[in-house]
Amino acid sequence: MEYNQGYQPGEVVYVIIRNPHVQGVANVQEAAVVADPDNGNELALFLYDTYYPLTDEVAVYRSEQEAEHAYQAAFGTEDSEGLHG
């Protein structure tokens, strides 16, 4: 998948994000693709009132269903979340 290319400002995407306060907990979160306020030539993800660089270090999905499928593949079911890696 190409990162920072093919996305347009205003596009809604989905990412899997870990909860920084609870080890092993992650969830699918909706994010907006926006112009990076610190670098107008780049794109960023905006979620939780914060800008995150849109890089290949972030798994970005175009649909919630695709993100949920990736989440299940990475973390398993809710009964065993955080135990698979």
Mind checking side-chain hydrogen bond (donor to acceptor under 3.5 Å, both in side chains) for Q65 and listing every partner two or more places apart, or none if nothing turns up? none
Verify same cluster id: Y51, L47 (apolar side-chain graph, 4.5 Å): no
If you group Ile, Leu, Val, Met, Phe, Trp and Tyr by side-chain heavy-atom gaps below 4.5 Å, do V34 and V13 land in one group? no
What are the two closest heavy atoms between P9 and L43, and how far apart are they? CG-CD2, 3.9 Å
Same cluster or not: Y52 versus V15, using hydrophobic residues (I, L, V, M, F, W, Y) connected whenever any side-chain heavy atoms lie under 4.5 Å apart? yes
If you measure from CD1 on I16 to CZ on F75, what distance do you get to the nearest 0.5 Å? 6.0 Å
Using the side-chain contact (heavy atoms from CB on, under 4.5 Å) rule, take V60 and Y7 through it: C-alpha gap first, then chi angles, then the decisive distance, then the call. CA-CA 10 Å; V60 179; Y7 295 102; 3.5 Å; yes
Output for pair (L45 CG, T50 OG1), nearest 0.5 Å, gives 11.5 Å
Show me the side-chain donor-acceptor pairs of residues 24-31 shorter than 3.5 Å, one per line, residues at least two apart or across chains.
{"from": "Q29", "atom 1": "OE1", "to": "Y48", "atom 2": "OH", "distance (Å)": "2.9"}
{"from": "E30", "atom 1": "OE1", "to": "Y14", "atom 2": "OH", "distance (Å)": "3.4"}

